Q: 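Attaching a single structure in structure tokens format; questions to follow.
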2 protein chains.
Amino acid sequence: MTYSEENYIKVIYHLSLVSPKGINTNAIAGMIESKASSVTDMVKKLAEKELVDYQKYQGVTLTQKGLHAAKMIVRKHRLWEVFLVEKLDFTWDEVHALAEELEHIKSEKLINRLDEFLGFPKEDPHGDPIPDRYGQMIKVEKQLLSEVGLNKKVMCLGVKDSSPSFLQYLDKHQISLGSEIEIINKEAFDMSLTILMNGKEILISNKIAGNLFVKVI
Amino acid sequence: MTYSEENYIKVIYHLSLVSPKGINTNAIAGMIESKASSVTDMVKKLAEKELVDYQKYQGVTLTQKGLHAAKMIVRKHRLWEVFLVEKLDFTWDEVHALAEELEHIKSEKLINRLDEFLGFPKEDPHGDPIPDRYGQMIKVEKQLLSEVGLNKKVMCLGVKDSSPSFLQYLDKHQISLGSEIEIINKEAFDMSLTILMNGKEILISNKIAGNLFVKVI
DNA sequence: AAATAAATTTAGACAAAACTAAAAATTATT
DNA sequence: AATAATTTTTAGTTTTGTCTAAATTTATTT
Ligand SMILES: [Mn+2]
Ligand SMILES: [Mn+2]
Ligand SMILES: [Mn+2]
Ligand SMILES: [Mn+2]
């Protein structure tokens with residue numbers, strides 16, 4: 001599998017988690033920052049290699065083989081992120097871009113050794129689960145902060161968006177994984193929230209709340 | 001710089017260390033496992049980018065810019081090798097192939113953090129010097145075992161060839177960096193050596209001796 | 001100093017992965 | 001049900017890096 005094929009497979013996997021039907025050309029093009037016509041070409045190649053099932057105009061789904069391949073790329077991506085944060089003192093907003101490259105290093109042995117070296121972590125620095133060598137991963141119940149009712153107390157478990165700007169916003173407001181938050185107010189007009197954290201009240205937009213995974217405690 | 005350009009620059013650098021004149025097309029093609037015509041094409045592109053000086057039929061030399069780029073690739077290659085051996089328990093015959101991929105990960109910050117994490121090592125697992133972030137590296141006086149005189153005692157400091165088969169040969173005979181060796185006999189006919197190591201006499205061919213760097217002690 | 005051999009470059013072709021523009025199919029709207 | 005809008009695919013290019021085969025230059029012999 002080439003670098004580019006791997007990126008496509010990974011994107012199709014991520015899209016599959018959200019909508020379990022056939023993934024359409026434009027959605028893939030959007031994620032991979034290419035054009036629909038390029039996606040059609042690549043998807044044909046992936047179908048040829050039996051990594052996806054594809055019928056013209058009907059979108060694409062991962063085969064068993066493709067699903068496993070995708071999970072192995074995600075495994076590498078997230079283990080490298082843990083390495084960068086735990087061992088090399090990178091911050092959680094810096095690691096995604098680097099892992100985007102490191103995930104393509106081709107060696108089962110290397111990634112299994114890295115896994116061991118890191119103590120078989122179950123989650124990456126953004127709260128996402130790390131597949132084991134067989135593709136198994138834990139499933140933690142979490143919901144978006146934007147969907148939690150008023151006056152509930154929640155713990156922050158992960159982020160939906162791991163772009164640097166969002167993560168830096170969280171850092172600035174001292175929100176990290178494990179932070180405990182109480183929802184004090186929900187503004188009906190714009191769905192912004194007033195939350196209580198470490199005795200301080202802060203106001204956050206609906207967009208922020210819609211990218212924070214939490215569980216009610 | 002692309003993956004392929006980096007490989008060319010590194011090969012030209014390694015060849016430059018042996019013969020300081022213009023590096024010729026065929027030598028590069030041999031190392032990179034491509035054809036002379038492909039080398040000509042690439043060399044033109046590298047000249048365009050001012051990484052090499054090139055005149056038709058006259059071979060190629062690295063510019064200052066090209067030399068620095070080459071050293072940074074070598075730095076990455078060797079630091080990753082140290083990481084794999086020291087932290088992930090790989091053996092010295094396994095790491096070269098992996099480092100060949102890892103050396104292309106593009107991040108100054110990552111490699112400087114890795115350097116620090118490893119304790120700023122001065123040499124890689126094969127005894128080769130690791131350039132610092134400015135391209136500086138130590139120069140240890142070493143010579144090939146094949147060139148040392150009779151009855152001398154030497155210490156093994158490095159290998160010229162780091163192919164798995166050679167390194168596995170050394171493992172089999174318990175020769176590692178730091179091993180002390182005395183030359184007992186040199187056979188005039190084939191230049192094979194009888195050496196004394198840990199009280200045991202072993203016979204090694206001239207080809208083996210010609211790939212082991214040592215210093216007289 | 002030719003003639004021959006070897007090394008190097010050019011010319012033309014190909015595969016991978018992307019693009020633009022146009023055609024075709026599907027979906028939504030009147 | 002017909003038309004319009006959207007999505008997807010096809011056709012034809014482009015760039016990067018490679019190749020083979022032929023032409024050219026340099027090096028080595030006679
Ligand atoms: Mn990637
Ligand atoms: Mn992550
Ligand atoms: Mn390489
Ligand atoms: Mn090495």
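In the text below, chain A, chain B and the rest are named by the order of the sequence lines, each starting its count at 1. We use all heavy atoms of the structure for the numbers below, so side chains are in, but hydrogens, waters and symmetry mates are not. Model, not experiment: these values are computed from the prediction.
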Q: Short of 4.0 Å, heavy atom to strand atom, which residues of residues 14-32 of chain B count as contacting DNA chain C?
A: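 When residues 14-32 of chain B is checked for heavy atoms under 4.0 Å from DNA chain C, the hits, listed by number, are B/N24, B/T25, B/N26.
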
Q: What is the minimum heavy-atom distance between B/Y13 and B/A70, and which atoms define it?
A: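 So the two residues come closest at CB-CB, 3.5 Å.
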
Q: Please determine whether side chain to side chain contact (heavy atoms under 4.5 Å, CB included) holds for the pair A/V74 and A/K10, giving the CA-CA distance in whole Å, both sets of side-chain angles, and the decisive distance to 0.1 Å.
A: CA-CA 7 Å; A/V74 168; A/K10 196 183 59 164; 4.1 Å; yes

Q: For the residue pair A/F83 and A/W80, categorise the inter-ring angle as parallel (less than 30°), tilted (30 to 60°) or perpendicular (more than 60°).
A: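 Ring orientation of A/F83 relative to A/W80: perpendicular.
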
Q: Tell me whether the side-chain N/O atoms of B/Y8 come closer than 4.0 Å to OP1 or OP2 in D/dT16.
A: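 No, no such contact exists.
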
Q: For A/K106, is there an ion pair with A/E6 - N to carboxylate O distance below 4.0 angstrom?
A: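 Here A/E6 pairs with A/K106 in a salt bridge, since their nearest N and O are under 4.0 Å apart.
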
Q: What is the distance from atom CE of B/M72 to atom CD1 of B/I9, rounded to the nearest 0.5 Å?
A: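 That separation rounds to 13.5 Å.
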
Q: Assuming nearest nucleotide by heavy-atom distance, tell me which of A/M42 and B/V39 is located more 5' along DNA chain C.
A: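 Between the two, 5'-proximity favours B/V39.
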
Q: With a non-hydrogen cut-off below 4.0 angstrom, is B/S4 in contact with a base, only sugar-phosphate, or nothing?
A: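 If one applies the 4.0 Å heavy-atom cut-off, B/S4 turns out to touch the sugar-phosphate alone, with no base involved.
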
Q: Applying a 4.0 Å non-hydrogen cut-off, can you work out what B/S38 is touching in the nucleic acid: base, sugar-phosphate, or nothing?
A: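 Contact class for B/S38: base.
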
Q: Let me know the distance between CG of B/D41 and C1' of C/dT10, rounded to the nearest Å.
A: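 Atom CG in B/D41 sits about 9 Å away from atom C1' in C/dT10.
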
Q: Which heavy-atom pair separates B/S205 from B/S192 by the least distance, and what is that distance?
A: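 That closest heavy-atom pairing would be CA-CB, 4.1 Å.
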
Q: Using a cut-off of strictly less than 4.0 Å, decide whether A/K35 has a side-chain nitrogen or oxygen near OP1 or OP2 of D/dT9.
A: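 A/K35 to D/dT9 OP1/OP2: no side-chain N or O under 4.0 Å.
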
Q: Taking A/K142 for its side chain and A/G127 for its backbone only, find out whether a donor-acceptor pair lies under 3.5 Å.
A: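 Answer holds: yes.
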
Q: Looking at every non-hydrogen atom in both residues, tell me the closest pair between B/V82 and B/E123 and how far apart they are.
A: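 Heavy-atom minimum between the residues: CG2-O, 3.7 Å.
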
Q: Report all interatomic pairs (protein N or O, nucleotide N or O of nucleotides 21-29 of chain D) with separations under 3.5 Å.
A:
from, atom 1, to, atom 2, distance (Å)
D/dT25, O4', B/Y57, OH, 3.3

Q: Would you mind classifying the nucleic acid contact of A/Y3 as base, sugar-phosphate or nothing, using non-hydrogen atoms under 4.0 angstrom?
A: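 Contact class for A/Y3: none.
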
